[in-house]
Protein chains: 2
Amino acid sequence: MVDLGSRKRITIHDVAAAAGVSISTASKALNNNGRMGDETRERVKRVASDIGFRPNALARGLLSKRSFTIGLLTNDTYGRFTLPVMAGVSEALVDHGVSVFLCAIEDDPALGQNHVEAMLDKQVDGIIATGKRIDRSLPVDLSNLPVPVVYAFTEGTRDSVTFRSDDAHGATLAVEWLQQIGRRRIVHITGPKDFFSVRERADAYCTATGDTEPVLYGVWSESWGHDAIDRLWKRSGDRPDALFCGNDQIARGAVDALRERGIKVPEEVAVVGFDNWEIVAAQTRPPLTTVDMELKELGRQAGLTVLALAEGRPVKPGVRKLPCRLVVRQSCGGKPSED
Amino acid sequence: MVDLGSRKRITIHDVAAAAGVSISTASKALNNNGRMGDETRERVKRVASDIGFRPNALARGLLSKRSFTIGLLTNDTYGRFTLPVMAGVSEALVDHGVSVFLCAIEDDPALGQNHVEAMLDKQVDGIIATGKRIDRSLPVDLSNLPVPVVYAFTEGTRDSVTFRSDDAHGATLAVEWLQQIGRRRIVHITGPKDFFSVRERADAYCTATGDTEPVLYGVWSESWGHDAIDRLWKRSGDRPDALFCGNDQIARGAVDALRERGIKVPEEVAVVGFDNWEIVAAQTRPPLTTVDMELKELGRQAGLTVLALAEGRPVKPGVRKLPCRLVVRQSCGGKPSED
DNA sequence: AAATTCAGAGAAAACGTTTTCTCATTTGAC
DNA sequence: GTCAAATGAGAAAACGTTTTCTCTGAATTT
């Protein structure tokens, strides 16, 4: 059988007893408030640390109405977007002693409701909602909760605080990079038009290229990238000398298709992806230059914001767009390996 | 500014007042214990539900010493293994009202210690440790904690409960499948020999093939799969008619290399991967037949086990190996598309 | 009719903290 | 040498539950 040592937990009573003071004095000593002699304060602190006292967060939370706990709600099963966001949230909050409940609710409203209620019962200080696309909301209503809610990479309610990537900026980065290395016939191969991000990136692409270069809408898969190349090379007229792809999977499919046709990347066609999904981008041959949405930073800011709200600090509602970053690998030439 | 409606939270005092009973009676009514008239009990319950009462888990936990909260500790940044495990844990525990703290500690002992202490302060009922390989332990000592610890897909301490996949079983499944479809010259291309899983799979492969067919050790990347094919096809003697690869990335690299050489998969060479990492396995052309380690089920069992321990139910220590499952796609012929 | 059981319900303690209040003693000012 | 202020520390209430104990009547038994 598994032994827990059945160690009794050490409470402030033990500290008080060991230091020969009252519980209230012990508490005040440890929290650096109240009035007492320096010697007493130091002695209490030393004793507490010696016997390994750690205050019970449940008891503390009961009184302070702060549980130092927040919930991260997501419907992104794959974790493609959630993991970096989660990493950022956690990183920002661990220093404040805040732990994070992760709740994956798929697209199940009942499950979502379940998780939200469980979190509220546990008195979370706030909730961060995140998802897999910025123009869809989670299948659960978070609009009248007794705790602050911040949206990150998912659609929020009016008057809420929402963080998202600036996809237009990312697309502009990509296109301008391709133009800088001298490419002029840039084609945009991307996902389904009903994604807001897709339209936003396509618009930025059109603005940056100056004319309405062809935009090929499809799905988010490698095989669409592959097919798109077939389609482009089948038609007459000038062939592109660069591709800006809507995500790394499409880009990978396109790069593979080009290689199969004996077309050199990046010499004949330069390729830029989107997402910086390491597992795809770094394993493509050649590794993909791609746009990173800085989801970790997004998570960090969402974390700090929900903390601010929980502490009653005022935060202006609205949508905050965070800039993207171009990660240069070898699919455009330019800089050599960076990994 | 963001408005929280500053809704006062409803306590059992409100329920008692609204129902015209004492707090103790209200509590007993809601928990179906104590003695009182049926009418009283029903009235309290109705009132509670009407005014939307939900008990404060902090207060409850303070008394019962159960927080209905567990921690999941991982050093698998990518989430490749953690996400399915987490999904299983969460799925198994949500019905019991248990929420899960996810703590990604990378390989940083200080960060790990931080997170563990934060969780203990919050009185978690137990901790599940998980990681990225079964023969390494987390960079933090979990052996003398006041709460139960269960290990899942990471190395545990002596006398602990550890769940892991049965890699020998998985490898046997793969090889036997290849033999069933008539392949006789099966080569095993796999990862670094210092991984315990690698040795275990290789041993099972040797046992199943009956002789010491060649095992090619390398790294966990597509390019190694690619290189391995180059090496195999450069050397003299019989060419393999099947490959059993140590993970899906290697398998994908191998499949790509075969295609580039004009060798048909699965007609000339059948390929089986390992991991069933959707993003790799399903996007390979042809999609990979691969071994799934059933990490979600592993997580589910780990969750139920830590719950049992938290409730004081006895659990035998030891390593539990869970069977794998072969996911048939098209890289071996056999069944047609299943996705 | 007195003694016993039992149903129904409330009072109070407990969980581990923090915080406000109170009290006794010492210090400083006149 | 008296009085006000400051200092050091403890008592007690509070947070929202659950649980044990106690109390009051009424029903049942002798």
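First the proteins, then the strands, lettered A, B, ... as listed; each starts at 1.
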Below 4.5 Å, heavy atoms only, C-beta onward: do [X] and [Y] meet side chain to side chain?
{"X": "B/Leu142", "Y": "B/Leu73", "value": "yes"}
{"X": "A/Arg9", "Y": "B/Leu120", "value": "yes"}
{"X": "B/Arg133", "Y": "B/Thr154", "value": "no"}

- Query: Hey, is the main chain of A/Ala19 close enough, under 3.5 Å, to the side chain of A/Arg43 for a donor-acceptor pair?
  - Reply: yes

- Query: If the sugar-phosphate is the primed atoms plus P, OP1 and OP2 and the base is the rest, what is the B/S/- string for nucleotides 14-20 of chain C, using protein heavy atoms under 4.0 Å?
  - Reply: BBBBBB-

- Pick out which of A/Leu298, A/Leu295, A/Asp166 makes a side-chain contact (heavy atoms from CB on, under 4.5 Å) with A/Leu322. A/Leu298

- Item | Rounded distance (Å) that lies between atom P of C/dC6 and atom CE of B/Met36 | 19 Å

